[in-house]
Amino acid sequence: MALAGLEYTTIREISGPLLFVESVRGVGYGELARIRTPSGEERRGQVLEIGGGVAVVQVFEGTTGLDVAKTRIRFTGETVKLPVSTDMLGRIFDGSGRPIDGGPRIIPDDYLDVNGNPINPFAREYPREFIQTGISTIDGMNTLVRGQKLPLFSASGLPHNAVAAQIARQAKVVGSDEPFTTIFAAMGITADELRFFRDDFEEQGAFDHVTMFVNLADDPAIERILTPRLALTAAEYFAIKQGNHVLVILTDMTNYAESLREISAAREEVPGRRGYPGYMYTDLATIYERAGRLKGSKGTITQMPILTMPGDDKTHPVPDLTGYITEGQLMVDRSLHRKGIYPPIDPAPSLSRLMKEGIGKGKTREDHREVSDQLYYAFAEGRSFRDLVAVVGEEALSARDKLYLQFADEFERRFINQGVYENRDIDTTLDLGWNLLSVLPDNELKRIDPATIKKWHPKYRGKNN
């Protein structure tokens, strides 16, 4: 443990967001530091590395204005902790956990380590409960379940912020009137984006159960490393200590990864793929794995990280590694967006690995799995005929081919497309799927059991017991 009250003036070097402090004693990894600038301002830092009497300290507010000779640093012997309270609901904090909405400071019920506590895998409960987002492409074909981590893969210029806000407003566990507690962490967003989220939550009456942590684009980049950890610490407080169902939205994880790269470069580490540090997979896992549900606990944490793919490249290291750690992905598609379709989530490359656990009789509806499979197949067939039309023309298609071509157009226009404030329940979504499939002959519905067709197909419904 660091020697209490001892101040160091032995800063050897300032490199980017890092301070290199010599001749330190009793300092540990992850320890919180207080930095006194030449002007008397106090900043916060955290020990990233310790060895040979030298401590490497990252400064959360950045190193602008610091001087090697005149800056003083004191190690506190504690890790970074967040003061937590139910009064955090309806409040906005910066990336260091300080209120920025003009309201008073939080009177804490507790102080929690922002790094969280490792969860014994045996203590985890398998995610099984369906979450209704009100968005057909998600609920019907890439179902989200409570305790899952399901990222949104997007790109510059696409409406991922509107989709995130809609999910935050509408998400609910079917059969329960209890709203989700939403923890919203924004990293590197613009002031306009912050205004959009705040106004949207306020206008729709959702802000009372939302807590926001915001690191703006002109805030210190190093602060982005802390922002998601603060948000997840608040989520753990509401889920584990208060027993709430918590939805955590993290945007934009690509900005977070850029800050990791900046720190790695300042430490002169050997770069990995595209300059990102080799430990980025592990670092991202420390964030994503803080989702889930514990045995014996009522509360749960469901995560929806959002990341923008540079150059629309899903093989970029950030989406690539995120896909390995999380349980699927929702793909926001540029071609659907160009057609004016909202939300432009393409079901074909999207995937929810836990969908099968959260749907079916007693959870959503007994026909859910079969309807979803048939919609996937029919949409894929219709898309393939679009490509064929571009080569040979529509006149060369058979009557069957034209049916699937028509289905693909109607599927995009009626099933994928919906209003920004349109909240469809799961029955509405599945019934819409049946209405679209009814344009196809029964013998084309090969992924649906004949008994299911007789019970749920629009032309038979109500005629058979």
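For this chain, numbers begin at 1 and follow the sequence in order. What you are looking at is a predicted structure, and each value in this text was computed from that prediction instead of being measured. Scope of the values below: all heavy atoms of this structure, side chains included, with no hydrogens, waters or symmetry mates.
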Exercise for the section: With Phe379 as reference, evaluate Phe415, Phe385, Phe411 under the ring-ring contact (aromatic ring centres under 6.0 Å, His included) test and give the passing residue. Expected result: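 Passing option: Phe411.
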
Charged N to carboxylate O below 4.0 Å: is that the case for [X] and [Y]?
{"X": "Asp333", "Y": "Lys339", "value": "no"}
{"X": "Arg267", "Y": "Glu49", "value": "yes"}
{"X": "Asp113", "Y": "Lys81", "value": "no"}
{"X": "Lys241", "Y": "Asp109", "value": "no"}
{"X": "Arg334", "Y": "Asp312", "value": "yes"}

Verify whether the ring centers belonging to [X] and [Y] lie closer than 6.0 Å.
{"X": "Phe75", "Y": "Tyr8", "value": "yes"}
{"X": "His209", "Y": "Phe238", "value": "no"}
{"X": "Phe197", "Y": "Phe184", "value": "yes"}

Could you tell me if the side chain of [Y] sits less than 4.5 Å from the side chain of [X], heavy atoms only?
{"X": "Pro17", "Y": "Val59", "answer": "no"}
{"X": "Thr71", "Y": "Thr37", "answer": "no"}
{"X": "Tyr288", "Y": "Leu232", "answer": "no"}
{"X": "Arg169", "Y": "Thr182", "answer": "no"}
{"X": "Phe60", "Y": "Pro220", "answer": "no"}
{"X": "Pro159", "Y": "Pro344", "answer": "yes"}
{"X": "Thr86", "Y": "Gln242", "answer": "yes"}
{"X": "Gln46", "Y": "Val57", "answer": "no"}

Practice task
Verify whether one side chain among Glu31 and Thr79 offers a donor that lies under 3.5 Å from an acceptor in the other.
Solution key: no

Practice task
Go through the side-chain N and O atoms of Thr133 and Asp139 and say whether any donor and acceptor fall under 3.5 Å apart.
Solution key: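 A donor-acceptor contact under 3.5 Å links the two side chains.
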
Spacing of [X] atom [atom1] and [Y] atom [atom2] [to the nearest 0.5 Å]:
{"X": "Asn215", "Y": "Leu194", "atom1": "CG", "atom2": "CG", "answer": "11.0 Å"}
{"X": "Met253", "Y": "Leu260", "atom1": "CE", "atom2": "CG", "answer": "8.0 Å"}
{"X": "Leu19", "Y": "Arg12", "atom1": "CG", "atom2": "CZ", "answer": "11.5 Å"}
{"X": "Arg424", "Y": "Gln132", "atom1": "CZ", "atom2": "CD", "answer": "12.0 Å"}

Handout entry: Within 45° cone of Phe122 ring axis and under 6.0 Å: Lys295 NZ or CZ
Key =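 Because its charged atom sits under 6.0 Å from the ring centre and within 45° of the axis, Lys295 does stack over Phe122.
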
Handout entry: Within 45° cone and under 6.0 Å: Arg261 NZ/CZ vs Tyr276 ring
Key = yes

Exercise for the section: For Tyr376, look at atom OH and say whether over 12 heavy atoms of other residues, nucleotides or ligands are found less than 6.0 Å away. Expected result: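 Enclosed: over 12 neighbouring heavy atoms sit under 6.0 Å from OH of Tyr376.
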
Problem - Given Val27, Thr10, Val47, the one that forms side-chain contact (heavy atoms from CB on, under 4.5 Å) with Val21 - result: Thr10

Problem - Partner of Phe153 under side-chain contact (heavy atoms from CB on, under 4.5 Å), chosen from Pro319, Ser350, Pro349, Pro305 - result: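 The option that passes is Pro319.
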
Exercise for the section: Taking Arg413 for its side chain and Ala408 for its backbone only, find out whether a donor-acceptor pair lies under 3.5 Å. Expected result: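 Answer holds: no.
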
Handout entry: Sole residue of Glu41, Glu78, Glu42 in salt bridge (charged side-chain N to carboxylate O under 4.0 Å, His left out) with Arg34
Key =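 Single pass found, and it is Glu42.
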
Practice task
Could you pull out the closest heavy-atom pair between Pro228 and Met187, with the gap in Å?
Solution key: CD-SD, 3.6 Å

